[in-house]
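Report on the structure given below.
Chain naming here is simple, since letters A, B, ... match the order of the sequence lines and numbering starts at 1 in each. Side-chain atoms are counted along with the backbone in the values below, which use heavy atoms only and exclude waters and symmetry mates.
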There are 2 protein chains.
Amino acid sequence: MHRPEHLKNAGLKSTLPRLKVLDLFENGKERHLSAEDVYKQLLGSGEDVGLATVYRVLTQFERAGLLVRHHFEGGKSVFELNKGEHHDHILCLQCGHVEEFHDKAIEARQEKVAGELGFAIRDHSLQLYADCTRKKCPHKP
Amino acid sequence: MHRPEHLKNAGLKSTLPRLKVLDLFENGKERHLSAEDVYKQLLGSGEDVGLATVYRVLTQFERAGLLVRHHFEGGKSVFELNKGEHHDHILCLQCGHVEEFHDKAIEARQEKVAGELGFAIRDHSLQLYADCTRKKCPHKP
DNA sequence: TTGCAAATAAGAACGATTATCATTTGCATA
DNA sequence: TATGCAAATGATAATCGTTCTTATTTGCAA
Ligand SMILES: [Mn+2]
Ligand SMILES: [Mn+2]
Ligand SMILES: [Zn+2]
Ligand SMILES: [Zn+2]
């Protein structure tokens, strides 16, 4: 999917740490990763990156539009590949599972409400914290 | 409005720092305050409280249901008096002004979306980051 | 190849928050 | 009203996620 050229196009040198981080997001198991997640996974696969580099690269990728940053509860930033289209999240309070959704009606109402109050929305953040009932949930009720 | 009895009812001793903090939320200018806001305002009015106490009291009030905590962008928790009814927020990116709103349609759609995905919502967080056009905005375009 | 700006790794520094602990205080009881 | 003591406080250390600093390394254009 992504290749060294993509970094170039984003105005970023194609360096080993950057390629490794990008690869994690493209080919890794989980879609939503914190800086610590990325750092530990890289260490785990024998890669030798510094934590500071991980933070720097994540921020650069965000600025370049390759990644999107979220502020879920828990105090740490979470990143994911930028799919181009906006979506919101449901987070399972038991197992941590993250589900994505997009609801046109919600998005439209947000615009309406803001407009009526004299605001022009630039960005928004919506998270639903919930209990899931999916089969694989390790905390199934 | 609130009195020492309210603290008692919440299982909290009526102490000076607690009364001062509560008073700030009830009679202060601003409705949404961070721990630092509370601390500085108390210092400013000659009260001698420790920052650690402010943090402790805010958390206790939250647990007791007197305050509600929000995680707006910016990294610090923001608290407000618990009005009993849920609402969401619009935050002006220029002047920091915070507006409250409640939209039944949005709330209903959230339930619907979650239900269809096999989730039962326990809590949610919605913030609109926007540019405001109110008269008093010090950064009016 | 070489040169050099850009990127890195390690660790210090940072801001928000929590933990520790000796001292003080609210308040129930005598 | 005086006393006892658990609970609360305030100073400060510690923690956690993140950013900054700086000496060293690296990508890459010439
Ligand atoms: Mn997502
Ligand atoms: Mn509010
Ligand atoms: Zn949305
Ligand atoms: Zn809501």
DNA chain D: B:Tyr39 or B:Arg18, which has the more 5' nearest nucleotide? B:Arg18
B:Lys20 NZ to C:dG26 P, straight-line distance once rounded to whole Å: 12 Å
Any heavy-atom pair between the side chains of B:Phe119 and A:Leu128 that's under 4.5 Å? no
Could you write out each protein N or O paired with an N or O of nucleotides 28-30 of chain D at a distance under 3.5 Å?
residue: D:dC28; atom: OP1; partner: A:Ser14; partner atom: N; Å: 3.3

Does B:His86 offer a backbone N or O that forms a donor-acceptor pair with the side chain of B:His102 under 3.5 Å? yes
Heavy-atom side-chain contact between A:Asp88 and A:His124 under 4.5 Å: yes
Taking side chain as C-beta onward, heavy atoms only, is A:Asp37 less than 4.5 Å from A:Phe79? no
Within the distance-only criterion (no hydrogens, no angle test), does the side chain of B:Arg31 pair as donor or acceptor with the backbone N or O of B:Leu81 below 3.5 angstrom? yes
Return the value, rounded to whole Å, for the distance between atom CD of A:Gln60 and atom P of D:dT18. 16 Å
Enumerate the residue pairs fulfilling salt bridge (charged side-chain N to carboxylate O under 4.0 Å, His left out) with a member in residues 51-63 of chain A, sequence neighbours excluded, ordered by first and then second residue. A:Glu62-A:Arg69
Set of ring pair (Phe, Tyr, Trp, His ring centres under 6.0 Å) partners for A:His70, sequence neighbours left out: A:Phe72, A:His89
Can you give me the closest heavy-atom contact between B:Ala114 and B:Ile121, atom names plus distance? CB-CG1, 3.5 Å
Please report, rounded to the nearest Å, how far the C1' atom of D:dA8 is from the CG atom of B:Asp48. 14 Å
Mind checking ring pair (Phe, Tyr, Trp, His ring centres under 6.0 Å) for B:His71 and listing every partner two or more places apart, or none if nothing turns up? none
Length of the line joining A:Phe61:CZ and C:dA7:C1', which is rounded to integer Å: 12 Å
Taking five pairs at each end of the helix from C:dT1-D:dA30 to C:dA30-D:dT1, what angle separates the two helix axes (nearest 10°)? 20°
Tell me if a side-chain donor or acceptor on A:Asp23 pairs with a main-chain N or O of A:Lys20 at a distance below 3.5 Å. no
Does B:Asn82 reach the main-chain N or O of B:Gly65 with its side chain, forming a donor-acceptor pair under 3.5 Å? yes
How close or far is atom P of D:dT26 from atom CG of A:Leu16, stated in whole angstroms? 10 Å
N/O-N/O pairs, protein side and nucleotides 12-20 of chain C side, under 3.5 Å:
residue: C:dA16; atom: OP1; partner: B:Lys76; partner atom: NZ; Å: 2.9
residue: C:dT17; atom: OP1; partner: B:Ser77; partner atom: N; Å: 2.8
residue: C:dT17; atom: OP2; partner: B:Tyr55; partner atom: OH; Å: 2.6

Could you tell me how far apart B:His71 (NE2) and D:dC16 (P) are, to the nearest whole angstrom? 17 Å
Distance check needed: D:dT9 P versus B:Leu7 CG, whole Å only. 10 Å
From CD of B:Glu47 across to C1' of D:dA8 the rounded distance in Å is 17 Å
